[in-house]
Amino acid sequence: MSAKIIDGKRLAAHLADSIKSEVLQWVTDGHRAPGLAVVIVGDDPASQVYVSKKIKMCEQVGISSSLHRFPAQLDQQELIGLIDQLNQDPKIDGILVQLPLPGAINEEQVTEHIDPSKDVDGLHPYNLGRLAAQSPLLRPCTPRGVMTLLESIDIALVGAHAVVVGASNLVGRPMALELLQARCTVTICHSRTQNLPQQVEQADILVVAVGKAGLIKGEWIKPGAVVIDVGTNRADGGRLVGDVEFDTARHRAAWITPVPGGVGPMTVITLMQNTLQAARNP
Ligand code: GUN
């Protein structure tokens with residue numbers, strides 16, 4: 001078997017066109033353009049790349065963006081002060097604080113300070129709680145983007161066994177809630193899971209979000225499975241690779257996402273969808 005590729009880059013480009021039309025219609029209807037504030041602290045190279053992609057995509061779809069850049073030594077109270085200002089600013093519909101934050105800053109306290117109605121990352125406990133309680137409002141970008149990818153291929157989600165590897169607040173946990181909401185049977189694996197290969201072998205749908213190159217071996221994949229690789233790791237020589245051994249997994253899976261060009265572009269485009277959603281429902 002040779003898996004079909006789930007082309008996130010192409011789907012995101014297609015969605016960018018429709019979001020651009022929706023934003024234009026919103027403005028034509030007499031509203032101001034949606035406004036997104038992006039906050040980055042420190043100089044983590046991967047975060048710099050992600051943030052510049054987010055700002056560029058705002059320009060492409062007609063969302064007005066502002067970038068707030070700070071050195072790694074920023075005091076947490078200063079960051080909270082900025083978030084207070086952005087929470088009060090009527091021109092700002094969405095606030096995104098790029099993660100990870102430097103070690104001296106408490107990510108939980110910062111995230112919880114964002115007004116939930118402007119939390120376009122969907123990471124505030126209120127928004128995570130809404131998702132857990134089956135009435136989602138703003139949904140975390142990467143998991144929502146993965147659901148959009150799964151909906152774009154013709155597979156049954158109801159009753160499928162979904163295995164999520166990775167239990168982070170950013171991806172793994174909300175991913176499991178999304179799949180549960182789609183009526184999959186969901187298993188969550190993490191660093192203390194015993195017999196990871198046996199868990200992965202059960203997966204009709206496998207989502208991996210750990211951040212370890214080649215963690216999931218191709219021979220663990222159930223023949224015919226759908227494999228979604230959220231990992232983005234630098235291999236020797238600088239090449240980007242996922243958490244799944246792509247070259248072996250593609251001979252067992254029915255569908256697989258590439259790295260790069262799979263989940264990454266979906267995270268960015270979902271942020272645009274969430275920002276438009278936040279603008280429509282202040
Ligand atoms: N770092 C990596 N992915 C993300 C994301 O989706 N949102 C934020 N805020 N930080 C990230």
Side-chain angles (χ1 to χ4, degrees), residues 8 12 15 36-58 63 65-70 72 74 76 79-80 82-83 86-87 92-103 105-116 118-128 131 136 138-149 164 166-178 207-212 228-234 240 242-243 257 259-260 262-275 277-278:
L15 289 169
L36 174 67
V38 177
V39 183
I40 181 165
V41 186
D43 46 20
D44 176 61
S47 292
Q48 304 287 335
V49 173
Y50 295 142
V51 159
S52 71
K53 286 185 177 176
K54 289 168 183 178
I55 298 286
K56 264 198 199 134
M57 186 54 75
C58 283
I63 289 174
S65 68
S66 59
L67 178 58
H68 304 262
R69 235 179 229 291
F70 296 98
L74 179 73
Q76 179 169 323
L79 180 55
I80 299 240
L82 170 71
I83 292 172
L86 296 169
N87 281 342
I92 296 295
D93 301 294
I95 303 168
L96 177 133
V97 178
Q98 188 65 26
L99 303 175
L101 288 167
I105 298 182
N106 183 317
E107 280 182 5
E108 195 180 322
Q109 286 173 13
V110 170
T111 303
E112 291 190 17
H113 215 82
I114 297 172
D115 179 338
K118 297 191 176 189
D119 170 37
V120 285
D121 243 345
L123 298 176
H124 189 288
Y126 175 78
N127 283 314
L128 288 175
L131 179 59
L138 289 166
R139 299 154 58 193
C141 295
T142 301
R144 183 182 174 192
V146 169
M147 295 314 290
T148 309
L149 277 180
V164 179
S168 67
N169 288 353
L170 188 61
V171 183
R173 282 164 202 256
M175 187 73 249
L177 291 170
E178 288 279 0
V207 183
V208 189
V210 173
K212 269 195 190 153
I228 307 287
D229 193 346
V230 182
T232 308
N233 312 289
R234 287 251 170 233
L240 284 183
D243 291 349
T257 56
V259 177
V263 174
M266 295 305 297
T267 298
V268 177
I269 205 66
T270 306
L271 175 65
M272 303 299 116
Q273 291 177 319
N274 282 357
T275 304
Q277 183 183 334

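All ligand and atom numbering here is 1-based and tracks the order in the structure.
Polar contact with ligand 1: present for L99 (N/O pair, distance under 3.5 Å). Any N or O atom pair closer than 3.5 Å counts here, and V97 shares at least one such pair with ligand 1. Of the N or O atoms in D121, one or more lie within a sub-3.5 Å distance of an N or O in ligand 1.
The two residues I92 and G94 have their closest heavy-atom pair at CG2-O, 3.4 Å.
R69 and Q48 share a donor-acceptor pair across their side chains, judged by distance under 3.5 Å alone.
Less than 4.0 angstrom separates some heavy atom of T267 from each of these atoms of ligand 1: 6 (O). Each of the following atoms of ligand 1 lies closer than 4.0 Å to a heavy atom of Q98: 1 (N), 2 (C), 9 (N), 10 (N), 11 (C).
Atom 3 (N) of ligand 1 has L170 CD2, 3.7 Å as its closest protein atom, hydrogens excluded (heavy atom only).
Distance check, rounded to the nearest 0.5 Å: CZ of R173 to CG of L123 gives 13.0 Å.
The closest side-chain heavy-atom distance from L15 to M266 is below 4.5 Å.
Partner T142 forms a side-chain hydrogen bond (donor to acceptor under 3.5 Å, both in side chains) with one of T267, D121, T270 and no other, that one being T267.
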